[in-house]
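Inspection log for the structure reproduced underneath, given as structure tokens.
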Amino acid sequence: MATLVVLLVFALFIGAILTGGYNKQMIERFRSHWLWEWLTTVDHKKIGVLYALGGGFFFIFGGIEALLMRIQLFFPDNHFIVGRDFNELLSMHGTTMIFFVAMPLLFALMNVAIPLQIGARDVAFPFLNALGFWLFFAGALLMNLSWLFGGAPDSGWTNYVPIALNEYSPGTGIDYYVLGLQIAGFGTTMGGLNFLATIINMRAPGMSFLRMPLFTWTSFVASALVLFGFPPLTAGLFLVMFDRLFGAQFFEVALGGNPVIWQHLFWIFGHPEVYIVILPAFGVMSDVISNFARKRLFGYTSMVFATLLIGFLGFMVWAHHMFTVGMGPMVNSIFAIATMAIAVPTGIKVFNWLFTLWGGKITFTTAMLYAVGFIPTFVMGGVTGIMLSVPPADFQYHDTYFVVAHFHYVLIGGTVFGILSGLYYWWPKMFGYTLNETLGKWNFWIFFIGFHLTFLIQHVIGLYGMPRRYFTYQAEDGITLFNQISTVGAVMMAVGAILLVLNIFVSYRQRESLVAGGDPWDGRTLEWAIPSPPPVYNFAQLPQVRALDCWWHEKMEGNKEMEPAEPLESIHMPNDTPLPLIMSIGFFIAGLGLVFRAFEVGIVGLLVVIVAMFMRSFKPDHGYHIEVEEIKATEKGA
Amino acid sequence: MSSAELHHHAQTSAPLPPHPEKATLEGRNKILGIWLLIGAETVLFACLFGTYLALRGSNMNGPTTEELFQIPMVAAATLILLTSSLTSVLGVVGMHQNNVKKVQLWFGITVLLGAAFLGLEIYEFIEYVHEGHTFTGSAFGSAFYTLIGTHGSHVLFGITWISSLMIQVARRGLTLETTPKLFVASLYWHFVDVVWVFIFTVVYLMGKVG
Amino acid sequence: MSRGKPIGRLFLVFAMFALFMAGCEKPMSNVLDPQGKTGKEQLHLINLSVYIMILVCVVVFAIFFYVLLRFRRKPGDNSIPKQVEGSLTLEILWIVIPVILLVILAIPTVAVTFSQAKAAPKQQSDDFIRVKAIGHQFWWEFQYPDHNIRTAQELHIPVGKKVYVEVTSDDVVHAFWVPGLAGKVDASPGRINRVPIDAEKPGVYKGRCAELCGASHALMNFQVVAEKSSDFDKWVKKRQSPNSDPQTAEQKDGKKVFAQNCMSCHAIDGTQLKMRGNKAPNLTGFSSRNKIAGLLDNNEKNLDRWLHNPEEVKPGTYMPGFSHLDKKDMTSLKAYLQSLE
């Protein structure tokens with residue numbers, strides 16, 4: 001009955017939209033609202049800001065989940081949050097931080113920087129770009145709704161079967177995971193495809209592949225990993241969904257199923273995923289370090305090839321997450337050696353960074369502090385990675401706090417530091433004013449010290465025999481003090497994160513005095529050659545790129561701006577459209593319907609998607625033109 | 001040609017260049033995009049193939065692959081789908097000749113062949129279910145229907161896509177906007193056919209010889 | 001302790017210090033202080049990798065701090081440093097040296113990976129014993145196929161003998177891990193994995209489940225009791241012909257209560273009970289176990305707590321509470337359970 005009512009309401013709603021038969025004035029009011037511009041935008045710079053907002057929003061959730069877990073672990077045999085509730089926290093913390101924080105924040109930086117760095121007016125598929133963002137947001141929202149309706153997923157971010165099957169996880173928690181991730185995953189895949197096409201097809205004249213800034217390069221490889229890494233997750237999630245919703249038997253041992261298939265599919269995705277979130281951070285570091293050392297990147301070419309090699313090897317090592325599954329010594333040895341091999345290109349990167357600093361003139365801005373703090377932190381995460389690649393030793397480390405420490409060293413010390421560095425670095429480009437440097441330094445030091453306090457000790461906790469995902473430990477285990485140190489560190493990190501928010505707030509209030517010109521950092525790459533924030537069309541005339549670090553090159557030649565590669569003429573821009581938002585709402589409805597096994601609602605949601613696709617395909621969108629006079633006026637104003 | 005030129009072009013309705021699908025940046029982006037999408041889809045199918053190969057022996061009490069598959073019918077379906085690939089090529093040739101009628105004819109045949117293939121597949125599924133080979137009965141059943149079903153849904157999507165493009169061509173003719181779409185759809189269609197060739201080999205032929 | 005291993009010692013000093021701070025007795029669950037051959041081989045590899053990695057860290061950190069101190073930009077210094085493109089020699093250097101270090105690590109890695117993967121010999125012999133470990137939510141079942149024993153929560157092994165543990169699961173994926181003896185291996189439904197363990201010294205070693213398996217994953221502890229061969233043989237004898245008959249009237253009553261309430265899930269060998277439940281731990285010789293439910297010290301107070309409200313002890317356990325039993329029945333049930341040897 002309830003579903004019938006829902007169906008009826010949707011039918012009426014869609015009917016109303018299609019016929020336009022309701023309050024036209026209201027629609028006008030909607031359209032003239034500033035929010036409408038953001039909901040319908042296809043501008044990569046705005047979408048970048050949206051990604052940052054979305055990632056920041058879910059960062060609050062993931063952070064609170066982490067703090068709650070650390071509070072529970074403050075005392076042995078604590079009864080604050082135990083059992084299933086704790087499992088929900090750890091599952092949502094992991095999933096949120098990887099998929100709904102790290103990825104969108106990196107996509108934010110990629111959206112903001114890549115088109116500017118390669119001298120493009122927009123991405124290759126602006127519509128797909130908007131769709132990617134809204135799908136991510138719909139998926140993330142769907143999964144976080146689980147806290148309110150029906151319980152959160154509780155089988156870890158890895159969601160191993162059979163514990164994630166109906167028999168052992170009844171209720172809707174895992175369904176939220178499967179559908180939320182599926183929807184967000186579609187969005188991410190589109191994002192990856194879009195950036196690949198953008199970088200291949202949209203580079204400015206003269207911007208050859210080997211003149212691209214390293215952030216563009218690493219994002220390029222990361223996008224390729226997204227494109228080829230997410231389909232295994234998609235496939236795996238389908239299998240779990242079929243098992244849970246439609247009675248398939250992929251993982252039911254009694255009917256010939258095999259739970260290890262999920263583990264393989266998950267990690268064939270999962271390991272490239274690790275590189276998806278670390279490679280763009282490498283790129284940020286390379287650009288920031290080279291910028292603030294006032295030197296070109298040492299060994300640029302070998303950096304590029306190291307990136308490619310890491311991306312390639314990233315697909316060859318997934319089974320090192322599964323050494324204890326019992327695949328036999330041959331498989332374990334092969335994957336062990338492949339994993340060790342990744343240390344070589346990663347080492348190349350670290351030493352090239354060090355030698356970029358060598359002989360430079362280093363300025364310690366907050367962005368640079370994060371980049372510099374990243375080097376030793378990431379090296380420590382990297383060496384524990386090599387230690388984990390030794391299968392017999394891994395039998396001891398596997399699934400303990402040692403591993404927790406390791407991947408937080410790479411994910412926070414690598415990815416989060418990279419994101420924060422990028423945020424401080426490109427903030428003026430995004431908004432036209434810099435962030436407050438004093439608060440920024442407080443933010444860095446508190447966060448940095450808190451981080452090491454939290455996670456360094458966790459190596460020892462692991463070696464003392466505490467497995468990960470444990471909601472408690474006993475006093476006799478002798479790890480009480482270690483856990484307490486770790487919790488104190490976590491609180492410190494929270495303070496650091498709050499300082500960042502405070503900084504954003506304060507800097508906004510002080511934006512008059514923090515105003516940044518086009519090139520506040522004495523930059524090297526193309527994005528610093530245009531005003532901050534850039535006009536909607538980015539480049540009035542596409543620039544002619546003549547060297548690596550092309551903007552630096554022009555400045556050294558004594559030029560005040562890039563040499564244009566085309567005459568000033570009217571610029572064609574795509575129209576804003578609400579369709580990506582509508583399609584994502586459709587997916588959201590479909591996901592929610594499937595979660596609650598209301599298949600009618602699921603079908604309605606998919607119908608919304610299909611109708612929106614037809615509208616997109618059938619309605620020609622010619623975009624609009626910005627005329628020469630308008631461009632001239634804008635450029636003069638800037 | 002830049003996007004601005006495209007716009008002027010659309011307004012002046014000058015004759016189409018020899019390769020209209022690659023004449024605009026939008027068109028080139030679309031073609032690159034579909035290749036990238038095909039790459040991703042290949043990985044998706046590879047995963048489903050892997051799953052199927054791991055589980056194809058787990059037929060439990062249901063029929064085995066040898067008992068189940070009937071090569072003549074599947075071979076007929078294969079032939080139909082491969083022919084549809086050929087007709088879509090002829091459609092693209094028509095597009096290059098700027099010949100709307102030819103485009104509509106050959107893409108129309110493509111759609112019909114695709115529909116015939118789907119009909120055969122549905123018939124085949126019904127047969128199998130009668131023989132006790134079901135989606136929920138065994139891991140083999142789940143893997144089989146998921147692999148073939150995913151391919152079938154791609155065929156369905158292809159049919160819908162090409163049909164809707166035919167409507168657009170009928171309305172707007174062959175322009176710098178419709179031609180890349182047609183070209184891209186035919187690339188997608190070839191991909192779907194290639195996947196079927198692998199399914200025919202890996203699932204049916206290998207299932208028959210054990 | 002690993003003799004002559006500075007790193008191991010460093011860790012241990014650190015560990016001892018921490019222990020002292022925490023004021024606790026020494027746990028037998030330390031990866032860095034293994035008491036068996038398998039664990040020691042693994043520790044050797046851990047040490048080797050730690051040496052190599054410390055070397056790497058030292059080099060990187062040295063360059064890092066030197067660079068940061070030496071090449072700071074002085075205030076007012078607007079000079080532009082030399083734009084160096086790179087150096088092929090250096091690139092080759094930091095490719096070749098890591099490769100050499102990795103080869104040094106890879107060779108023993110592969111050797112140990114293969115040597116530890118050997119399965120138990122086919123024929124029975126006195127040199128080793130075989131044990132089957134089956135994970136359940138949230139307890140461990142142990143079977144001795146050569147001795148015809150089924151027990152739970154406590155794995156008895158003879159000191160100095162190789163024990164081939166065959167690990168599997170009855171429901172979800174667990175992992176069998178005794179940190180003080182050897183590394184872990186997954187317990188997956190439908191698969192059997194093997195791990196060789198051995199203990200050089202008698203003692204009690206803490207065992208853990210190391211793969212997220214549900215609400216009480218953190219409480220799925222078990223114990224490995226390593227004892228001298230003669231003690232082990234005694235234990236085997238006792239398990240094979242257990243003393244499970246009630247002696248006193250109270251215990252007899254308790255057995256009745258057990259038959260009414262418990263036997264559909266729990267089995268006790270050596271009794272004339274009508275059923276041998278296999279859904280829950282086998283309780284033969286219950287009073288000789290160190291722990292209740294693998295977790296609480298085995299005394300009357302804890303037994304009472306467990307029987308009244310298992311959910312409070314182990315969230316998500318399948319064991320129902322028995323607070324509805326009247327006081328007399330409960331007392332006699334406890335008396336019977338604690339008489340089982």
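We name chains A, B, ... by the order of the sequence lines, and we start the count at 1 in each one.
For OH of Y537(A), the number of neighbouring non-hydrogen atoms (other residues, nucleotides, ligands) closer than 6.0 Å is greater than 12. The number of heavy-atom neighbours closer than 6.0 Å to CD of Q97(B), taken from other residues, nucleotides and ligands shown, is above 12. Within 6.0 Å of CE in M241(A) there are more than 12 heavy atoms belonging to other residues, nucleotides or ligands.
Aromatic pair F45(B)/H154(B): centroids less than 6.0 angstrom apart. For F220(A) and F195(A), the gap between ring centers reaches or exceeds 6.0 Å. Outside the 6.0 Å centre-distance limit, the rings of F135(B) and F125(B) are not counted as a close aromatic pair.
Using a 4.5 Å cut-off between heavy atoms, A224(A) makes no contact with chain B at all. Contacts of L193(A) with chain B are made by both backbone and side-chain atoms, with heavy-atom separations under 4.5 Å. With a 4.5 Å cut-off on non-hydrogen atoms, F157(B) touches chain A through its side chain but not through its backbone. Of the two parts of L233(A), neither the backbone nor the side chain holds a non-hydrogen atom closer than 4.5 Å to a non-hydrogen atom of chain B. Of the atoms belonging to F614(A), it is side-chain heavy atoms, and not backbone ones, that fall under 4.5 Å from chain B. Of the two parts of L32(B), only the side chain, counted from C-beta on, holds a non-hydrogen atom closer than 4.5 Å to a non-hydrogen atom of chain A. For A54(B), the part lying near chain A is the side chain, with the backbone staying farther off; criterion is any non-hydrogen pair under 4.5 Å. Contacts of M190(A) with chain B are absent, with no heavy-atom separation under 4.5 Å from either backbone or side chain. Using a 4.5 Å cut-off between heavy atoms, L227(A) touches chain B through backbone and side chain atoms alike. Heavy atoms closer than 4.5 Å to chain B are found in both the backbone and the side chain of F246(A). Neither the backbone nor the side chain of M573(A) comes within contact range of chain B, judged by heavy atoms closer than 4.5 Å.
Ring geometry for H151(B) versus W196(B): interplanar angle of 30 to 60°, hence tilted. Aromatic ring pairs are classed by plane angle as parallel below 30°, tilted from 30° to 60° and perpendicular above 60°; the pair F183(B) and H96(B) is tilted.
Note: V43(B) leads N59(B), V43(B), L37(B) in heavy-atom pairs under 4.5 Å with chain A. The candidate with the highest count of non-hydrogen atom pairs below 4.5 Å against chain A, out of G57(B), G50(B), G137(B), is G137(B). The residue among G229(A), G257(A), G192(A), A124(A) with the most heavy atom pairs within less than 4.5 Å of chain B is A124(A). Note: F228(A) leads F251(A), F228(A), F230(A) in heavy-atom pairs under 4.5 Å with chain B. Of all the listed residues (G247(A), S617(A), A197(A)), the one sharing the greatest number of non-hydrogen pairs under 4.5 Å with chain B is S617(A).
The shortest distance between side-chain heavy atoms of W161(B) and V184(B) falls below 4.5 Å.
With 3.5 Å as the limit, one finds no donor-acceptor pair spanning the side chains of S138(B) and S58(B).
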